[in-house]
There are 2 protein chains.
Amino acid sequence: MGILARLTVRQQQQKVREDAILDATRVMLAKKGYDLMTVDEVAAEAGIAKASLYKHFSSKESLAAAVMIHLLDQAIAFLESLPPELAPVDKMRGLLRWALDLRLDGGLPLLPSTSSTLQSNLLANRDYVKRILALNERMLDLVKAAQAQGVLDPGLPPDVVVFSLYARTCDPAVEYLQMSGRYTHQQVTEYLVKVAFAGLQGTR
Amino acid sequence: MGILARLTVRQQQQKVREDAILDATRVMLAKKGYDLMTVDEVAAEAGIAKASLYKHFSSKESLAAAVMIHLLDQAIAFLESLPPELAPVDKMRGLLRWALDLRLDGGLPLLPSTSSTLQSNLLANRDYVKRILALNERMLDLVKAAQAQGVLDPGLPPDVVVFSLYARTCDPAVEYLQMSGRYTHQQVTEYLVKVAFAGLQGTR
DNA sequence: GTCTATACCATGATAGAC
DNA sequence: GTCTATCATGGTATAGAC
């Protein structure tokens, strides 16, 4: 029992440390992006030495991959947590709002849209791709349902809708509006969600 | 007269070379972004040695700035080239289409939305900021006119509309859709323009 | 056994010699 | 104009402290 208990404690400590590292990575990724983020900074933010970090994660890439995978899991979990009776389009709205709020809190790294070194490596990562596909599947179902109900434009191919929604989560307009300093976080989120669904024209 | 003529020819040659350098920079910027772009690559693409490039441009930053300034000039020129009788909203649509087409041709660097080293430096560049302000002014006028005509949502603050439109020019959905390989350049452009103005709901 | 300090190596921006 | 050096940065590997 002593051994088991100690092992567990040690593993818990490990987990706590790794969580701290991943958290620091997420924040730095969100702030600077993959290429500009340095492992030194992450280590400093996490309060450990760079070499110690390499005991937990084998490379900068694997660090970033772990963060992205965790975020995708959270996104999927968020979708599942929504009440089933909620309209598909409102689930989509909810996901976008969730992502934007996360980002405005400085916590969501832009998905690897920008041609970074990450992109190619992530696409070679089975665990990452698995989750991407899982999320895509759920989203496509939501889109088709919403189109069938006539609340989303049926003239748009479902993947165009899904990709556009993903794109909105990393919309640079967030930064522009934040920089202008004229709007609260909530306002930014609401405007962007509105623009995403109703467009610049609005509902006429 | 000999000297003058030769000077002119030399200057022309210089200009040709600098244009080649700027063109190479634009392409590399579009492909890899500022941070991942190396001056070596630009020099190689332009067909000269790296050190020679530094005879023309004092730094990597000044290279990028020159490209961005030129692009902003082109954007403003594009707006001015549109027939005055064209509806404001159609001018906006035209600008977005122009930018997306340029990007799909591999020619438009994502504006410095991503927190890159560039961003801060560009904002310190008078020539750049001057053009940004000039473009903003024209765009705000168009937005207000379109809102007055009721073809753009009057409930949206004009700057939200302008920033959203800028954001669409660097919409990562472009890359996603291109990667999927299901759509032609033209289709991508049309879908994105449609989504930008009518939203995912479409006009109902 | 896990962290710290330091060493190593490639890359990439810039400067100077021809 | 090119070629070659310099210098800083940053990812990674090792060696020793607790």
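The sequence lines fix the lettering, A, B, ..., with proteins before strands; numbering per chain opens at 1.
- Applying the 6.0 Å contact sphere to CD of B/Glu190 captures more than 12 heavy atoms from other residues, nucleotides or ligands.
- Two residues, A/Ser59 and B/His56, neighbour DNA chain D, and the one matched to the more 5' nucleotide by heavy-atom proximity is B/His56.
- Here D/dT12 presents its P atom at 15 Å from NZ of A/Lys55, a figure rounded to the nearest Å.
- Between B/Ala196 and B/Leu96 the shortest heavy-atom distance is CB-CD2, 3.8 Å.
- Summarising the geometry, the separation between CD on A/Gln11 and P on C/dG1 is reported as 14 Å, rounded to the nearest angstrom.
- Judged by distance alone with a 3.5 Å cut-off, no donor-acceptor contact links the side chain of A/Lys60 to the base of D/dT12.
- The aromatic rings of B/Trp98 and B/Phe78 lie parallel to each other, with less than 30° between the two planes, well short of the 60° mark.
- Between the CG atom of A/Asp40 and the C1' atom of D/dT9 there is a distance of 9 Å, given to the nearest Å.
- Per the geometry, CD1 belonging to B/Ile21 stands 11 Å off C1' belonging to D/dG1, to the nearest Å.
- Whole-Å rounding puts the A/Tyr54 OH to D/dA15 P distance at 18 Å.
- Here B/Ala51 lies in heavy-atom contact (under 4.0 Å) with a base.
- Other residues, nucleotides and ligands contribute only 12 or fewer heavy atoms inside 6.0 Å of the CD atom of A/Glu137.
- If you take NZ of A/Lys50 and C1' of D/dT12, they are 7 Å apart, rounded to a whole angstrom.
- Remark: C1' of D/dG11 and CE of A/Met37 are 11 Å apart, rounded to the nearest angstrom.
- The side chain of A/Arg17 sits closest to C/dT2 out of C/dT2, C/dT4, D/dG11.
- Comparing C/dG12, C/dT4, D/dG11 by their closest approach to the side chain of A/Ser52 singles out C/dT4.
- Rounding to whole angstrom units, CD of residue A/Glu61 and P of D/dG11 are separated by 11 Å.
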